[in-house]
Amino acid sequence: MNGSGAHRALPGAAVDLTAYRVIQEGLTNVIKHAGATAAADLTLAWRPDGLHITIEDDGAAPATGEAGVGLTGMRERLRMVGGTVAIGGRPGAGFELSATLPYESRSLPSSES
């Protein structure tokens, strides 16, 4: 794991849990899809606009087609806390997941009418 920038707290339990789940799902996908000899790098970068999480592997190219349940769930979790994610193949071989979580809390729409 690599890290950069001055550590800064995320704005609450929902964003903390989202960061944990993004890392968990990203590393699980490396184990499941990249191949037995693949290596992965996890980077946490505390930047002015938020915490950036990057997971890169050097394994097999990702399968084409629809995103699985894990990636879909990750996108939804990030959207709910105001975060973003980019997911795709790397040039040559491997896969990259790059997510950003905000330091500022986002108001979620109320479920009450």
Side-chain angles (χ1 to χ4, degrees):
M1 183 178 93
N2 302 307
S4 66
H7 180 269
R8 204 169 149 186
L10 295 172
V15 181
D16 283 344
L17 181 59
T18 299
Y20 174 82
R21 295 292 187 199
V22 164
I23 294 167
Q24 180 183 43
E25 180 64 27
L27 294 175
T28 297
N29 284 342
V30 171
I31 293 167
K32 288 170 65 174
H33 304 294
T37 61
D41 288 315
L42 166 63
T43 302
L44 302 177
W46 285 268
R47 298 181 185 158
D49 62 329
L51 172 61
H52 290 252
I53 300 168
T54 304
I55 300 173
E56 299 175 316
D57 71 61
D58 62 359
T64 57
E66 300 277 329
V69 173
L71 294 178
T72 300
M74 181 189 310
R75 283 187 176 104
E76 286 299 310
R77 281 181 183 273
L78 284 159
R79 184 190 60 78
M80 290 178 64
V81 298
T84 60
V85 66
I87 303 166
R90 294 176 60 203
F95 197 75
E96 180 176 340
L97 179 149
S98 180
T100 301
L101 292 142
Y103 297 129
E104 300 294 321
S105 187
R106 175 177 175 236
S107 312
L108 297 178
S110 172
S111 59
E112 298 174 7
S113 300

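Atoms considered below: every heavy atom in the structure, side chains included; atoms not considered: hydrogens, waters and symmetry mates. The structure displayed is predicted, hence computed values, not measured ones.
- By the side-chain hydrogen bond (donor to acceptor under 3.5 Å, both in side chains) test, N2 pairs with no residue at all, sequence neighbours left out.
- Under the 4.5 Å side-chain criterion, counting only non-hydrogen atoms from C-beta, I87 is in contact with F95.
- For residues 45-54, the set of pairs meeting the side chain to side chain donor-acceptor pair (under 3.5 Å) definition, not counting sequence neighbours, comprises R47-H52, D49-H52, H52-T100.
- Using a 4.5 Å heavy-atom cutoff, the side chains of V15 and L51 are not in contact.
- Both M1 and I53 are part of a single hydrophobic cluster, where members link through side-chain heavy atoms under 4.5 Å apart.
- Rounding to the nearest 0.5 Å gives a distance of 10.5 Å between CD of Q24 and CG of N29.
- Scanning for side-chain contact (heavy atoms from CB on, under 4.5 Å) contacts around I31 gives an empty result, with sequence neighbours left out.
- Legend: residues meeting side-chain hydrogen bond (donor to acceptor under 3.5 Å, both in side chains) with D58, ordered by chain and number and at least two apart, are absent.
- Side chains of L97 and E25 form no contact here, defined as non-hydrogen atoms less than 4.5 Å apart.
- Checked against R77 for a side chain to side chain contact (heavy atoms under 4.5 Å, CB included), the options T18, V85, L101, V22 give a single hit: T18.
- Judged as a side-chain contact (heavy atoms from CB on, under 4.5 Å), and not counting sequence neighbours, the contacts of A14 are V81.
- Considering CG of D41 and CD1 of I55, their distance stands at 10.5 Å, rounded to 0.5 Å.
- Scanning for side-chain hydrogen bond (donor to acceptor under 3.5 Å, both in side chains) contacts around R8 gives an empty result, with sequence neighbours left out.
- Remark: T28 OG1 to R21 CZ distance equals 10.0 Å, nearest 0.5 Å.
- When all heavy atoms of M74 and G26 are compared, the closest pair comes out as CE-N, 4.2 Å.
- The two residues A93 and G59 come nearest to each other via the heavy atoms CB-O, 3.6 Å.
- Listed here is the closest heavy atom pair of P11 and P102: CD-O, 3.3 Å.
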